[in-house]
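One structure is given below, encoded as structure tokens.
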2 protein chains.
Amino acid sequence: MFVKIDLTSDVPIYLQIKNAIIEGIARGELKEGDSLPPIRQLAEDIGVNMHTINKAYNLLKDLGFITINKKYGAVISVEGFNETFMENLKEELRPIIAEAFVKGIDKETFLKLVEGILDEFGGSKNE
Amino acid sequence: MFVKIDLTSDVPIYLQIKNAIIEGIARGELKEGDSLPPIRQLAEDIGVNMHTINKAYNLLKDLGFITINKKYGAVISVEGFNETFMENLKEELRPIIAEAFVKGIDKETFLKLVEGILDEFGGSKNE
DNA sequence: TATTTGTTATATATATTATATAACATATAT
DNA sequence: ATATATGTTATATAATATATATAACAAATA
């Protein structure tokens, strides 16, 4: 499985798992309709507790990236963005951009950085 | 004072204060050499505990946005970015960009959003 | 009927966040 | 000298978040 956990990170484990799955979708390694592993199995695979996986899956459900049911388990099913998402996105980005701006990173450099990350995902769309 | 706290937010108060000050610098409301209010005064102004302000100021110091001494208190003094900062910035941005990408926001729309935020800061550089 | 799934309920432990008081060291002003 | 203002440090307390451990439950499947 693609999820690697850094126990020394200050990012909580359940958020690392959430991020890894979203980035897996972004890179095309997980596609609409794919099932995620059962919570107990993924928990054992990466050496964390079942409830930590459960928390990550429920967050992914609330964020609109998967659906969960007892037939098929956790299945990738992405809801498109809406106005609320765009507003939250802006509020998340603002402090990060402010830090970079104050540190002296110019507009062009910052936009190149963002483009670089976007290309990690969009570059190989069909594989 | 410019710091507004949202007690219902899931962002810790000391981080809201940190962000507000960095955004204050970014908008030109705080300039290199300006003093921030004493921790006890700012604490009373916005209705939080002294130690919460102290925590925010020490974080700002560690991040390279202010210096602190007993003569002048907390003074805006920005260290420029370095390689470590750029790496951390990228790691902070990646999960946010991945979410937006998976939700179907296209490259151009995302870059426009970032530009819009940058223009909140860079637009009125000398005032 | 047994197994697998997510879910729920307790319990425990640790870390983080925030507050409350108090005292301390240093610099400044009177 | 004395008082004041500054950030700092030390305790203590409380609430919340994070993570683990066990156990039981309900629904679907084999």
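In what follows, chains carry the letters A, B, and so on, assigned in the order in which the sequence lines appear, proteins first and then strands, with residues in each chain numbered from 1.
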Whole angstrom value for the distance that separates [atom2] of [N] from [atom1] of [X]:
X       : N      : atom1 : atom2 : answer
B:Tyr57 : D:dT6  : OH    : C1'   : 12 Å
B:Asn49 : C:dT16 : CG    : P     : 19 Å
A:Leu15 : C:dA15 : CG    : P     : 18 Å
A:Lys55 : C:dT8  : NZ    : P     : 15 Å
A:Leu42 : C:dT4  : CG    : P     : 17 Å
B:Asn69 : C:dT26 : CG    : P     : 14 Å
A:Leu7  : D:dT18 : CG    : C1'   : 13 Å
B:Ile5  : C:dA18 : CD1   : C1'   : 12 Å

Legend entry - Salt-bridge criterion met for B:Arg27 and B:Glu120 (N-O under 4.0 Å): no
Legend entry - Under-4.0 Å salt bridge between A:Glu87 and A:Lys90: no
Inset, instruction - Return no unless some side-chain N or O of B:Asn58 is found under 4.0 Å from OP1 or OP2 of D:dT8. - result: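 Result: yes.
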Inset, instruction - Output, in order, the C-alpha distance, side-chain angles, deciding distance and verdict of side-chain hydrogen bond (donor to acceptor under 3.5 Å, both in side chains) for B:Asn58 and B:Lys61. - result: CA-CA 5 Å; B:Asn58 274 286; B:Lys61 183 184 68 179; 3.3 Å; yes
Legend entry - Distance-only donor-acceptor test, A:Arg40 side-chain atoms vs C:dT3 base atoms, 3.5 Å: no
Inset, instruction - Might you confirm whether atom CD of B:Glu32 has over 12 heavy atoms from other residues, nucleotides or ligands at distances under 6.0 Å? - result: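 Yes - once you tally the heavy atoms of other residues, nucleotides and ligands closer than 6.0 Å, there are more than 12.
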Inset, instruction - Assess whether atom CD of B:Glu44 is packed by more than 12 heavy atoms of other residues, nucleotides or ligands within 6.0 Å. - result: no
Inset, instruction - Give one of base, sugar-phosphate or nothing for A:Asp10, where a contact means two heavy atoms less than 4.0 Å apart. - result: nothing
Inset, instruction - For A:Ile39, answer base if it contacts any base atom (sugar-phosphate contacts may also be present), sugar-phosphate if it contacts only those atoms, and nothing otherwise; contact means non-hydrogen atoms under 4.0 Å. - result: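 Since a base atom lies under 4.0 Å of A:Ile39, the category is base.
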Legend entry - Given DNA chain D, 5'-ward residue of the pair A:Lys70 and A:Met50, judged by closest heavy atom: A:Met50
Residue [X], side-chain heavy atoms: nucleotide from [options] that is nearest:
X       : options                : answer
B:Asn54 : C:dT19, D:dG7, C:dG6   : D:dG7
B:Thr52 : C:dA18, D:dT20, D:dG7  : C:dA18
A:His51 : D:dA28, C:dG6, D:dT22  : D:dT22
B:Tyr14 : D:dT20, D:dT29, C:dA18 : C:dA18

